[in-house]
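Worksheet for the structure shown next.
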Amino acid sequence: MSTIPLLSVRALRVCFAADKGRIWALRGFDFVLDPGERVALVGESGAGKSTALLAIAGLLDRQAQVEGTLDFPALGRRPIPGKDIGFVFQDPFSSLDPVMDVATQIAEPIRFHKDVSWRVARAQAVALLRRVGIEPAGARARDVPHRFSGGERQRIAIAIAIAAGPKLLLADEPTSALDTATQAQILDLLDSLVRERGMALVLVTHDPAVAARIADRILVLYAGRCVEAGPSARVLGAPRHPYTRALLAAALSLARPPPRPLPEIPGTPPDPEAALVGCSFAPRCAFAQPHCRTFSPGWTGTPRDGVACHLFSP
Ligand code: SF4
């Protein structure tokens, strides 16, 4: 029996007006997410990861020009931000209200989206504070954000995001502002919360190690398109696209000393204002052939496990 997808994104293109033309953030992004699935969007800065997340959340800037379709088949209606979709931002300090106590900030979406009294909402907020690891929750519920550490603030931001019981949690680099030990704790917390609540998770990260720790499936984005997708173990263990291979080779690991010189992907991503002809990775690709610069590679494989590269074209 096939599962009705929670989210279906087809040929999504997002651009912004610029002085001399348009800045392309997404140039044709396809993505299907099942209920309860955990997916990581991986790539360099400017690949389109955060734009994809904002588009899914309905939080794109009003100036954004959007083409393509974005449906939520399992919901059967447009999602309500906060109720159906929770969002965790990169910087927990700027995403929290600095002058409001944390229990009130968690209770607000509960009160807004559920038909409960403030008293009940605050009691649920304190229970959520406890669930995300803030102790003693009752005593600290009245504190404002600056009385918490960076890791604790991200725990509170997660509590706010899940307070109304969303089916989908979106997280944009939720650990990149934290130290390594705290990063691992926050990823473990996200992992346990999405499992126990049956939420789907889409997490944006530039770090393959973060994706490996939490995602069932990985999508690798480059220049506004997905260039490779597949189960995490396959993508990380047997990457196909030359960009994925370069990205993994350039990733540093705590398990081994960093090589000298530090690995990097030569060249730079394409100009987001430029019209792209052929494969967008061709100027940086060690395997590029003349036809790569002329013809854009199509998708080879299934929608959930495949690659966009002429090396794998039939
Ligand atoms: Fe490299 Fe060609 Fe594949 Fe692009 S299509 S990644 S240039 S081999």
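In each ligand, atom 1 is the first atom listed, and ligand 1 is the first ligand listed.
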Worksheet entry | Protein heavy-atom partner closest to atom 2 (Fe) of ligand 1 - residue, atom, separation in Å | Cys292 SG, 2.3 Å

Worksheet item: Which residue holds the protein heavy atom closest to atom 1 (Fe) of ligand 1, what is that atom called, and what is the gap in Å?
Response: Cys285 SG, 2.3 Å

Worksheet item: Which residue and non-hydrogen atom of the protein lie closest to atom 6 (S) of ligand 1, and at what distance in Å?
Response: His241 CE1, 3.5 Å

Worksheet entry | Closest non-hydrogen atom pair between Ala161 and Pro166, with its separation | O-CG, 3.4 Å

Practice prompt. For Cys279, counting its heavy atoms only, list the atoms of ligand 1 lying under 4.0 Å from any of them.
Written response: 4 (Fe), 5 (S), 6 (S), 7 (S)

Worksheet item: More than 12 non-hydrogen atoms from neighbouring residues, nucleotides or ligands closer than 6.0 Å to CZ on Arg119, yes or no?
Response: no

Worksheet item: Near Ala288, which atoms of ligand 1 are under 4.0 Å from a heavy atom of that residue?
Response: 7 (S)

Practice prompt. Classify the contact between Gln289 and ligand 1 as side chain, backbone, both or neither, using a heavy-atom distance cut-off of under 4.0 Å.
Written response: neither

Fill in: N, O or S atom of Cys309 closer to atom 2 (Fe) of ligand 1 than 2.8 Å
no

Worksheet item: Just by distance, with hydrogens left out, do Thr182 and Asp179 show a side-chain donor and acceptor under 3.5 Å apart?
Response: yes

Fill in: Side chains of Leu129 and Ile156 in contact at under 4.5 Å (non-hydrogen atoms)
yes

Worksheet item: Hey, which atoms in ligand 1 end up nearer than 4.0 Å to a heavy atom of Leu311?
Response: 8 (S)

Practice prompt. Heavy atoms only: give me the nearest Pro5-Asp34 pair and the separation to one decimal.
Written response: CA-OD1, 3.8 Å

Worksheet item: Going from CD on Glu67 to SG on Cys15, what distance comes out if it is rounded to the nearest 0.5 angstrom?
Response: 7.0 Å

Item to complete: Check whether NZ of the Lys or CZ of the Arg Arg245 lies under 6.0 Å from the centre of the six-membered ring of Phe287 and within 45 degrees of that ring's axis.
Response: yes

Worksheet item: So which heavy atom in the protein is nearest atom 5 (S) of ligand 1, and how far is it from that ligand atom?
Response: His310 N, 3.2 Å

